[in-house]
Amino acid sequence: MTLLDSDTGPAPLTFSVTRNLAAATTAEREEILANPGFGQKFTDHMVDICWSVNGGWHRPRVQPYGPISLDPAAAVLHYGQEIFEGIKAYRHEDGSIHTFRPDQNGRRLQRSARRLALPELPVEYFLQSLRELIAVDGAWVPSGADQSLYLRPFMFAKEAFLGVRPAQKVAYYLIASPAGAYFSGGVKPVSIWLSEDYARAGKGGTGAAKTGGNYAASLLPQSEAYENGCDQVVFLDQDRNVEELGGMNVVFVYKDGTIVTPESPSILEGITRDSILQLARDRGHKVEGRAVSLTEWREGVASGDIVEVFACGTAAVVTPIGVLKGADFLDEQPTGELALSLREELTDIQYGRREDTHGWLTRLDA
Ligand SMILES: *Cc1c(COP(=O)(O)O)cnc(C)c1O
């Protein structure tokens, strides 16, 4: 019996594969993997899938990594119709390659697409793209401590048209970049600058979508953070509630063990945060998603009610916040054991050192 597509999801795509004849040699690759840094080196191949109003998703390809040719009138260059994802592939001790909760990234890409009036890539195609890239570039997944292959799916409006409306031609791409340990020499607390003059998102805006525009808007406040001697910037919303950092969610730990994270329609729903909070629930912590005002944060730290503050996201996993600095104050933040112990539990699962009781891992190389 043949099942209908609607029962089984879309039929799998058949990717054409063009091998990179100028691929890195084993020695060149090993040299890069020995010290990959972050986001500077890329694997030998990339995946792309086209979309058009009439043709839907078509021409799935694996091709040599390299420059993209774009019409100068491509809508993305003018109106910023673009979204992306960030997800890692981990090599386990036995050599197998796994990724973490990719269905969540696939679904978030769809939510971002909806907000940016882009087409929704079926989650099945998203997963297929990860597998296709690993099939040709699996050797690029490093095996050193805390190393991974950072996967960067993205989608943009490529139609050449200067009128303002959703583009009728779109491209989805997947590239990959080997990543070293985010913190060389151990995890250390970061200092955070409180941005008072700038917001990263507004009510009804694109704050919950993973879109380049949010990052573009965060660059100036981020330089303000550097000028004030801080590593990162934290944003408030119009009611002076805490939102998040430029690319990481914020989590507060209270004296009674309760864990609170700011929740609002303008905050990006991090998959790292969701996973960390689940692990905390498993340990018996009470977890709350709600508004946290700047006043609650500062008074909570001053009174000792808040015992730890940390940030989380795929790239750095979990980072304790050591200092909150504003134009006229500097609050040392209490640091405890919970952030680092949750970080260790999460990375143990990701690297296959601990049982994956939630079924979060997906094997990519088989
Ligand atoms: C990607 C991102 C995060 C973290 O999400 P993860 O799924 O944990 O990587 C947090 N905030 C913003 C603005 C982001 O773009």
Side-chain angles (χ1 to χ4, degrees), residues 38-39 80 82-90 99-113 115-116 123 126 130 146 148-155 174 176-177 179 182 190 192 195 198-202 205-222 225 231-237 241-252 259 261-280 287 289 292 309-319 321 339 342-343 345-347 349-350 358 360-362:
F38 183 83
E82 185 268 357
I83 55 175
F84 66 96
E85 269 302 324
I87 180 169
K88 285 172 169 176
Y90 308 90
T99 191
F100 185 74
R101 306 185 75 184
D103 52 310
Q104 295 293 317
N105 294 84
R107 292 225 285 272
R108 188 169 66 190
L109 187 69
Q110 293 185 324
R111 293 199 298 277
S112 298
R115 182 62 185 85
L116 273 288
V123 173
F126 176 81
L130 305 182
D146 288 330
S148 60
L149 183 65
Y150 183 79
L151 302 164
R152 168 53 61 87
F154 59 106
M155 192 191 294
L174 170 64
S177 175
Y182 199 86
V190 292
I192 303 289
S195 176
Y198 305 104
R200 74 170 281 281
T206 55
K210 220 168 169 69
T211 181
N214 293 341
Y215 280 73
S218 77
L219 298 177
L220 180 60
Q222 179 63 47
D231 303 310
Q232 292 278 326
V233 58
V234 65
F235 294 98
L236 301 178
D237 69 12
N241 290 321
V242 181
E243 249 176 6
E244 57 175 318
L245 311 190
M248 292 179 96
N249 295 120
V250 179
V251 176
F252 300 93
I259 298 184
T261 189
E263 213 163 66
S264 96
S266 56
I267 294 175
L268 187 122
E269 296 171 291
I271 296 160
T272 313
R273 176 178 71 166
D274 185 72
S275 309
I276 287 283
L277 296 182
Q278 183 57 51
L279 296 178
V287 171
V292 178
V309 190
F310 62 89
C312 51
T314 296
V317 194
V318 169
T319 310
I321 293 177
L342 289 170
R343 171 188 228 277
E345 185 173 348
L346 182 66
T347 52
I349 294 169
Q350 290 169 331
H358 292 284
W360 282 339
L361 295 183
T362 294

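Just the heavy atoms: all of them, side chains too, but no hydrogens, waters or symmetry mates, feed the values below. Numbering of ligands and ligand atoms starts at 1, following listing order.
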Asks: What are the two closest heavy atoms between A280 and V287, and how far apart are they?
Replies: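 In terms of heavy atoms, the two residues are closest at CB-CG2, 4.4 Å.
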Asks: With respect to atom 8 (O) of ligand 1, which of T272, V318, L268 exhibits the smallest heavy-atom separation?
Replies: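 Selected option, by shortest heavy-atom distance: T272.
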Asks: Atom 3 (C) of ligand 1: which of A208, G313, G247, G270 has the nearest heavy atom?
Replies: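 Of the listed residues, G247 has the closest heavy atom.
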Asks: Kindly say whether the aromatic ring centers of Y150 and F38 come within a distance under 6.0 Å.
Replies: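 Under 6.0 Å, so yes.
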Asks: Can you tell me the protein heavy atom closest to atom 11 (N) of ligand 1 and the distance?
Replies: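 Going atom by atom, the protein heavy atom closest to atom 11 (N) of ligand 1 ends up being E244 OE1, 2.5 Å.
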Asks: For atom 1 (C) of ligand 1, which protein heavy atom lies nearest, and how many Å away is it?
Replies: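 I find the closest protein heavy atom is K210 NZ, 1.3 Å.
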Asks: Please confirm whether the backbone N or O of K210 pairs with a side-chain atom of S112, one donor and one acceptor, at under 3.5 Å?
Replies: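 Yes; at least one donor-acceptor contact below 3.5 Å.
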Asks: For ligand 1, which atoms, with element, lie under 4.0 Å from some heavy atom of G246?
Replies: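 Atoms satisfying the 4.0 Å criterion: 13 (C).
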Asks: Does any N or O in the side chain of E244 come within less than 3.5 Å of the main-chain N or O of L268, such that one atom is a donor and the other an acceptor?
Replies: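 Flag set: sc E244 to bb L268 pair under 3.5 Å.
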Asks: Which protein heavy atom lies closest to atom 9 (O) of ligand 1, and at what distance to 0.1 Å?
Replies: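 Checked against all protein heavy atoms, atom 9 (O) of ligand 1 sits closest to T314 OG1, 2.6 Å.
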Asks: Below 3.5 angstrom, do we get any N/O pair linking E269 and ligand 1?
Replies: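 N/O-N/O distance below 3.5 Å does not exist for this pair.
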Asks: If you measure from CG on N105 to CG on L151, what distance do you get to the nearest 0.5 Å?
Replies: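 Here the rounded value is 9.5 Å.
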Asks: Is there a side-chain contact between I349 and H358, using heavy atoms and a 4.5 Å cut-off?
Replies: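 No; the side chains remain at least 4.5 Å from each other.
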Asks: Hey, which atoms in ligand 1 end up nearer than 4.0 Å to a heavy atom of R200?
Replies: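 This gives 13 (C) as the contact atoms.
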Asks: Nearest protein heavy atom to atom 15 (O) of ligand 1, by residue and atom, and its distance?
Replies: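 Residue, atom and distance for the closest contact: Y215 OH, 2.4 Å.
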Asks: Among V250, V233, D231, T319, exactly one meets side-chain contact (heavy atoms from CB on, under 4.5 Å) together with L245. Which residue is that?
Replies: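 Single pass found, and it is V250.
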Asks: Are any of the N/O atoms on I271, whether in the backbone or the side chain, positioned under 3.5 angstrom from an N/O atom of ligand 1?
Replies: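 So ligand 1 has an N or O lying under 3.5 Å from an N or O of I271.
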Asks: Under 4.0 Å between a Lys/Arg side-chain N and an Asp/Glu carboxylate O for E269 and R108?
Replies: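 Here E269 does not pair with R108 in a salt bridge, since their nearest N and O are not under 4.0 Å apart.
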Asks: Would R108 count as a contact of ligand 1 if the rule is a heavy atom under 4.0 Å away?
Replies: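 Yes, R108 has heavy atoms under 4.0 Å from ligand 1.
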